[in-house]
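Take a look at the structure below.
Each chain gets a letter, A, B and so on, in the order the sequences are listed, and its residues count up from 1.
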Amino acid sequence: MNKILEIKNLSKSFDGGKAQAIDQVDFYVNQGDICAVVGESGSGKTTLIRLIAGLENPDQGKIIIKGKEVSSIKKVLVPEKRNIGMVFQEYALFPHLNVLENVMYGLAKRKDKKQRAEEVLALVGLKEYKERYAHELSGGQQQRVALARALAPEPSLLILDEPFSNLDAMMRTQLRNEIFNIIKKTGVTAIFVTHDTQDALAVADEILILQNGKLVQKDEASKLYHKPQSIYVASLFGNTVQLNKGLKNAFRCPLKEDCCHAIRNENISINVSDCEFVTTAKIIKRTFLGTHSQLLLKLDNGENLSVVTNEAVLGDELKIGFNSNDILAFDE
Amino acid sequence: MKQAGSKHINSLLESFFKLKRDINRWSFATLFILLIIAVPVFTIGIKLFDGPGQSWLHISDYLLPSYLKNSFYLAILCSIITILFGVSSAWLVTRYHFPFRKALEWLLIIPLAIPSYIVAYAYAGFFDYGGIYASFFEVFEIANAKLDIMNVFGLAFVLSISLFPYVYVSARAFFLNQAISLLEASRLLGVSERKSFVKLIIPLARPAVVAGLVLVLMEVLNDYGAAKYFGVNTFTTGIFRSWFSLEEPETAIYLSALLLILVFGLILIEKWQRRKIQYSSIKSANTKPNKKIILPKWQQFLICFTVLIPVVLGFFVPVWQLLIWAFKTFTQVLNPSLFWLSLQSFGIAFITAFFTVLFALVLLYFSKWNKITFIKNASKLGVLGYAIPGAVVAIGIMMPTLLIDKWLINQGLITQFLINGTLIALVYAYVVRFLAVAYQPLESSSLKVNNSIPDSSKILGMGNFKTFYKIEFPLIRAGMLSAFILVFIDTLKELPLTLILKPYHVNTLAVKAYEFASDEMVMQAAIPSLCIILTALIPVIFLNKLLLKNE
């Protein structure tokens with residue numbers, strides 16, 4: 001496989017070293033892959049892509065694009081010479097230019113710029129909108145124009161910064177599929193930043209998890225979900241309870257002490273017939289959430305725990321349990 | 001030990017590489033511009049080492065106490081009066097409904113169109129023998145009614161009445177943006193309107209009011225024309241006296257240095273009073289038009305009358321006086337040479353506005369394009385020129401330009417002065433002094449352009465200049481226009497700096513008005529003064545339109 005992007009030991013801090021935004025990050029992205037960068041806000045996602053785009057200079061380490069070193073502590077290639085496409089969170093369409101002019105902006109050096117711009121506009125399905133200005137378009141349309149503008153110069157790498165965060169939940173899924181279908185069609189290598197793990201799970205070939213500027217895990221979606229390397233990663237992909245001593249005792253669950261264990265709330269079942277570890281609990285509070293209910297429970301030994309179920313639960317007391325193959329283990 | 005040492009060297013090397021990587025031509029260009037702007041302050045600092053002039057002892061023993069005393073009185077009195085007028089009118093127009101409210105809202109700004117020295121001339125005439133004030137009392141057959149305002153109290157009144165709009169504008173901005181929603185919250189918690197105002201609004205408005213007040217005090221310290229005419233000794237008149245009458249630049253420098261310390265002290269106080277108070281910049285989503293309180297009719301008229309007082313005193317009275325004088329003197333003053341003079345004045349203001357906007361743009365964007373944080377922060381210092389009184393800027397520029405010219409002549413490169421005593425030095429000094437006036441509207445309009453827009457342009461293959469030309473320039477045009485107009489008008493009104501640096505054969509409307517007034521021909525000063533006021537009125541209205549738009 002061809003590596004399009006290589007990041008080596010990259011670090012960046014702000015405020016004269018007081019705020020470490022990116023801390024010794026190492027990874028690579030293969031040609032044609034879609035790679036998601038996931039993390040809480042403040043985990044360094046945006047800094048990472050700004051470094052890749054050349055909008056920030058690193059304190060340490062190297063960035064290599066298509067085998068060419070573009071950032072190091074000795075030199076930094078300016079953004080305009082990196083052949084990167086970028087879609088900003090707020091789309092950043094030029095307000096005084098219409099859609100066609102926006103898309104043609106990056107094609108200044110090409111002879112067939114109008115033709116190429118119309119071609120990409122057709123690709124994103126906005127050919128009829130080419131005379132319009134940004135403020136005359138919906139959020140989703142602006143997004144697609146921004147994508148067309150970024151794709152027009154045929155970048156070797158496409159970066160998307162929180163592409164769906166400004167859209168409402170209804171549009172989000174539809175647009176996500178549309179956008180990534182287009183990206184797949186062009187075959188461009190893409191990195192996208194998101195705080196929403198659903199986005200990452202749905203479309204990414206690989207997912208990078210950042211925590212406090214550190215790369216904590218890089219894997220395929222299913223591996224990340226089933227084999228998270230830390231409780232932080234596990235809880236990004238769904239509510240997770242750490243199995244502390246009290247819980248282990250309550251479920252009479254013989255687990256080694258030198259290892260950290262957790263269980264996803266969704267894997268705690270109220271049908272205990274085929275569960276290995278079982279305990280009884282009192283219901284303190286029921287919250288109806290539409291497709292399912294959330295129950296806040298108090299275990300016999302006083303521990304609190306919440307479970308989700310889509311079945312009706314009668315009475316104040318119930319049995320809950322889980323299986324050993326649902327237990328997540330990390331070395332911490 | 002050895003390892004630790006080599007680690008140290010490595011990290012030093014790393015920082016060196018990074019500095020070498022990040023420093024670009026914009027870093028140097030930014031530093032160069034800052035240096036040019038800092039020249040007057042440096043000059044004053046360096047020249048202090050030459051020691052004081054012969055009369056320094058005399059001045060420091062006999063005059064300095066009176067300079068200090070007068071400046072202190074002026075500062076206190078002007079603060080009280082401008083706060084009284086500025087804050088009360090700002091509150092009344094934002095909170096209450098009354099007849100002509102909309103008109104008064106912007107009329108309260110127009111005293112700014114009249115330079116304070118012209119207000120001083122007008123009031124001196126107004127209260128003089130045979131003036132409007134005396135003739136008014138003659139109607140009631142009270143003879144010899146004369147109010148002597150040619151003293152420090154009169155000066156404080158005149159300066160306050162022409163400068164209070166600074167406090168008004170900044171207090172009103174605060175009231176409009178935040179105070180009303182806070183007040184509503186407070187009322188909902190069961191606190192009365194009056195109590196909320198005293199306990200909540202007044203303390204919260206303090207940073208905004210002080211910010212406006214600092215501008216007032218800077219103008220007070222900068223004033224020369226009014227103090228000179230009223231015969232009040234201040235630092236600025238002292239600088240002029242040592243420069244022109246005593247011909248002792250060293251003494252002028254010493255006074256300038258003292259004045260600079262006062263001004264920078266003011267700036268520090270302003271920064272200190274805001275130290276933790278970030279709330280003045282809290283943006284509340286107050287998009288709904290705030291509802292005004294509707295009082296009974298007679299109370300509405302009372303408010304209208306109250307708000308009218310500063311407008312009448314600050315604008316209509318002086319203009320009325322000037323119009324009377326203009327009517328009496330137009331046959332002698334209105335002639336082709338006045339026309340020529342106005343043309344020169346406008347020309348100089350135009351050139352100055354052009355270069356000041358250019359410098360402000362360059363400073364703003366070069367410092368953005370430079371990648372070194374330290375230089376970015378330092379670039380903000382460039383706007384401090386506005387705090388330096390005009391007379392000080394003038395002296396700080398007079399000396400180095402003289403040196404450069406002499407050097408050039410010695411080298412045989414030129415035969416007569418190229419910079420000193422020419423338009424170049426004058427425009428240079430204006431640029432230093434008014435850079436902040438242009439910088440602020442440019443900065444705020446460039447802040448409205450989200451960073452990701454120029455970033456997108458760069459990622460799409462355009463360099464800094466192309467990005468500026470194709471993207472930023474069209475988006476900040478409105479800011480550039482208001483910057484240009486503001487500088488134009490400030491230049492037109494400027495007096496002390498112009499008096500010191502203007503080329504011999506060149507004259508401006510402001511200088512002409514000053515010369516008439518100094519030559520006991522204050523009536524003749526009316527027409528050039530009215531020319532300045534009329535020109536200044538246009539942008540004051542324009543500025544207010546912008547302000548209202550931003551609401």
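- K109(A) and G461(B) get closest at one heavy-atom pair: NZ-O, 4.5 Å.
- Minimum interatomic distance between L475(B) and H96(A) (heavy atoms only, all atoms of both residues): CD2-ND1, 3.7 Å.
- The two residues E90(A) and S452(B) come nearest to each other via the heavy atoms OE2-OG, 2.8 Å.
- Counting non-hydrogen atoms of other residues, nucleotides and ligands closer than 6.0 Å to NZ of K184(A) gives a total above 12.
- Within 6.0 Å of NZ on K62(A) lie no more than 12 heavy atoms contributed by other residues, nucleotides or ligands.
- Two residues are said to be in side-chain contact when any heavy atoms from C-beta on lie closer than 4.5 Å; F94(A) and K470(B) fail this criterion.
- The candidate from L107(A), N83(A), D59(A), L97(A) with the greatest count of non-hydrogen atom pairs under 4.5 Å with chain B is D59(A).
- Residues of residues 12-30 of chain B that come within less than 4.5 angstrom of chain A, heavy atom to heavy atom, are E14(B), F17(B), K18(B), R21(B), D22(B) in numerical order.
- Among all heavy-atom pairs drawn from L460(B) and P153(A), the shortest one is CD2-CG, 4.1 Å.
- Neither the backbone nor the side chain of I159(A) comes within less than 4.5 Å of any heavy atom in chain B.
- For the residue pair G463(B) and E80(A), the shortest heavy atom distance occurs at CA-OE2, 3.2 Å.
- Counting heavy atoms from C-beta outward, I459(B) and L55(A) have side chains that approach closer than 4.5 Å.
- E472(B) is linked by a salt bridge (charged side-chain N to carboxylate O under 4.0 Å, His left out) to nothing, counting only residues two or more places apart in sequence or in another chain.
- Within 6.0 Å of atom CG in N450(B), more than 12 heavy atoms from other residues, nucleotides or ligands are found, so the atom counts as buried in its surroundings.
- When side chains are defined from C-beta on, R50(A) counts as touching D455(B), because their heavy atoms get closer than 4.5 Å.
- Remark: F27(A) CZ is packed, more than 12 non-hydrogen atoms of other residues, nucleotides or ligands lying under 6.0 Å away.
- Chain B forms more heavy-atom pairs under 4.5 Å with one residue of A108(A), P58(A), S72(A) than with any other, namely P58(A).
- Within 6.0 Å of the OH atom in Y133(A), the count of heavy atoms belonging to other residues, nucleotides or ligands exceeds 12.
- Contact of F88(A) with chain B is made through the side chain alone, with heavy-atom distances under 4.5 Å.
- D161(A) does not touch chain B: none of its heavy atoms, backbone or side chain, sits under 4.5 Å away.
- Residue P155(A): no heavy atom, backbone or side chain, is found under 4.5 Å from chain B.
- Q60(A) touches chain B through its side chain: at least one heavy atom from C-beta onward sits under 4.5 Å away, while N, CA, C and O do not.
- For a residue to count as touching a neighbouring chain, one of its non-hydrogen atoms must lie under 4.5 Å from one of that chain's; by this rule V78(A) does not touch chain B.
- By the 6.0 Å contact criterion, NZ on K127(A) is open, its count of non-hydrogen atoms from other residues, nucleotides or ligands being 12 or less.
- Dense packing is recorded around CZ of F468(B), with more than 12 heavy atoms of other residues, nucleotides or ligands lying under 6.0 Å away.
- Shown here is F32(B), whose CZ atom has no more than 12 heavy atoms of other residues, nucleotides or ligands within 6.0 Å.
- The side-chain heavy atoms of F14(A) and T373(B), taken from C-beta on, include no pair separated by under 4.5 Å.
- Of the atoms belonging to K74(A), heavy atoms from both backbone and side chain fall under 4.5 Å from chain B.
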